[in-house]
2 protein chains.
Amino acid sequence: MSNRMRSVAPQAHLAAPSPGETPTARLAAPLASRPLYLQARDLLLRRIVDGTWKPGGYLPSEPQLAFDLGVSIGTIRKAMEDLVGQGLLERQHGRGTQVVPHSSDRSRFRFLRFVHGDGRPFRPVAHVLAAATARADAQDRAALGLGAGAKVLVLLRTRSEDGVPLIYERIALPADPFAALKAEPGAEMLEEIYVLYQARCGQTVARARDTIATDRASSAMAGALCCPPGAPLLLVRRVAVALTGDPIEYRQSWTAALEYRSDLD
Amino acid sequence: MSNRMRSVAPQAHLAAPSPGETPTARLAAPLASRPLYLQARDLLLRRIVDGTWKPGGYLPSEPQLAFDLGVSIGTIRKAMEDLVGQGLLERQHGRGTQVVPHSSDRSRFRFLRFVHGDGRPFRPVAHVLAAATARADAQDRAALGLGAGAKVLVLLRTRSEDGVPLIYERIALPADPFAALKAEPGAEMLEEIYVLYQARCGQTVARARDTIATDRASSAMAGALCCPPGAPLLLVRRVAVALTGDPIEYRQSWTAALEYRSDLD
DNA sequence: AAGTGGTCTAGACCACTAT
DNA sequence: TAGTGGTCTAGACCACTTC
């Protein structure tokens, strides 16, 4: 007997929103003992990943989803709360539940960011220096989990404030899903590049890991950042992974003047 | 009318665990419209802060707390889930709910940590070089929110692996609650100092903010870390705050060989 | 066997947003 | 006014831990 065979048959849903409508999905067979709210969460996640509900779009209402999946509203709510906690969904009282889009205002990565030495926030503008496809180097391959001869799209850019370049950045992306980005009009100045990944390449960044170290300025960095070659720099390396768990971005950011800060836990 | 006046009187609790016992607390007056689960959460937090339930100790059971506060079990669960999410409580199926103690195995700060350049975890041993009370400098005062003539307890220590010192550290603590730490036996080698704050000074670290920058080695650092004076170092500054929200630790960590890493979001 | 937390349901009522 | 999510309750049953 499954944990879902109860005194009240779960099929007896009286709240069918449109008469004659039929449920569009059912959760696992009675034998599967994985909690229903986890199954529901994964199903919602799958539909976000496969684009059934697009970033910025709204999910069906709680009663509708509960009917579709054949579970109670409370179970749907628990599944949603999990995804809200991951920053994938956003609920708005009286309006509905939305798939969070990446945007410059509301980035999913507020917990680690560059700041000025006095704590002022850093409000940069990006400028792409070069965009080219190349063979992935050893670091790229390790970070992105690629094979020997794999190709990557490499972006070199600076990020400036008031016209002063403060960050020199190299971004490596797997050539396959990101080829469309190479000649993307308007991309050269776009600060929030994750919006582009999502809109043009269908890749949504879910999480990222940052590793911070010191490095010394190469001649290219020295030229871009107006510092002497060999000057000590802060180097932030980021590996960003998609909703599927695959790494999709390897980014290196060098800076001489800025600091890097975690939000208060 | 409050949001708690319903068709079923909330007082009608039949699950009184000990006959004749009386509730020990009641939530806000009917006029207060703040959600009950938030009131419950704050009350639980207050009892953790004031030591009613000590780190490592167990809370009363859900039915007991629900009876005490005059709310349903679901409301208690929601309040607890919030505190679990903050890392303050830990629930164990069949056993109970525990106030999380700081420990070297299970630190509340797993999200940012030192690692070796190749990604290996850093497993240090601490060695205190000096512990003395001093007048707080400008940085200490700013970080800890102290007044002009305030005193701080300053600890200088190294953190080594296999006998090799890799981090040079200065920790400033408000002299008032931390005076007991000065002559603490055994503290000299203790790596996880937050355990001491909690056990000896009644101060539980709740959250921390890290700011990462580059710096150059002073002669003291050069001596301790076996690097030339002026060598570029990674500097991590941390401000840790207590459950009350007051800053209680200002820590500066310098390293030449290590990197600093965030967990995968 | 008793007690604990974990899952799931059903339904009441409230508060916010749209129209 | 209708529809949405937010809060709160009550109770069933399950799974784990302890005795």
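Letters go in sequence order (proteins before strands), and every chain restarts at 1.
Relative to the axis of its first five pairs, the axis of the last five pairs of the helix from C:dA1-D:dT18 to C:dA18-D:dT1 sits at 10°, rounded to 10 degrees.
The phosphate of D:dT7 has OP1 or OP2 within less than 4.0 Å of a side-chain N or O from B:Lys78. Neither OP1 nor OP2 of C:dT7 sits under 4.0 Å from any side-chain N or O of A:Thr75. A:Thr97 has no side-chain polar atom (N or O) that falls below the 4.0 Å cut-off from OP1 or OP2 of D:dT4.
Mapped onto DNA chain C by nearest heavy atom, A:Ile76 and A:Gln92 fall at different nucleotides, with A:Ile76 at the one closer to the 5' end.
Rounded to a whole Å, the CG atom of A:Leu65 is 14 Å from the C1' atom of D:dG3. When rounded to the nearest whole Å, the span between CD of A:Gln64 and C1' of D:dT4 equals 13 Å. Between B:Ile73 atom CD1 and C:dT7 atom C1' there is a gap of 13 Å when expressed in whole angstrom units. Look at CG on B:Leu36: it is 12 Å from P on D:dA10, rounded to the nearest Å. When the P atom of C:dC8 is taken as reference, atom CZ of A:Arg41 falls 12 Å away, rounded to whole Å. Going from atom CG of A:Leu38 over to atom C1' of C:dG6 covers 11 Å, rounded to whole Å. Between B:Arg34 atom CZ and C:dA15 atom P there is a gap of 16 Å when expressed in whole angstrom units. Across the protein-nucleic acid pair, A:Leu69 atom CG and C:dC8 atom P stand 12 Å apart, rounded to whole Å.
Not counting sequence neighbours, A:Gln203 has no partner by the side chain to side chain donor-acceptor pair (under 3.5 Å) test. Among residues two or more places apart in sequence or in another chain, the side chain to side chain donor-acceptor pair (under 3.5 Å) test is passed with A:Glu169 by A:Arg157, A:Arg159, A:Ser253. For A:Arg237, the salt bridge (charged side-chain N to carboxylate O under 4.0 Å, His left out) partners two or more places apart in sequence, or in a different chain, are B:Glu259. With sequence neighbours left out, B:Asp162 forms a salt bridge (charged side-chain N to carboxylate O under 4.0 Å, His left out) with no residue at all. Applying the side chain to side chain contact (heavy atoms under 4.5 Å, CB included) test to B:His93 and every residue at least two apart in sequence or in another chain returns nothing. Remark: A:Asp246 engages A:Thr244 in a side chain to side chain contact (heavy atoms under 4.5 Å, CB included) (not counting sequence neighbours). Residues satisfying the side chain to side chain donor-acceptor pair (under 3.5 Å) criterion with B:Asp176, sequence neighbours excluded, are absent altogether.
The side chain of A:Arg91 lies closest to D:dG6, out of D:dT9, D:dG6, C:dC8.
Relative ring orientation between B:Tyr260 and B:Phe114 is described as tilted, the plane-to-plane angle lying within the 30° to 60° band.
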Contacts under 3.5 Å, N or O only, protein and nucleotides 1-3 of chain C:
{"residue": "C:dG3", "atom": "N2", "partner": "B:Gly94", "partner atom": "O", "Å": "3.1"}

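Considering only heavy atoms from C-beta on, B:Leu83 comes within 4.5 Å of B:Arg41 through its side chain.
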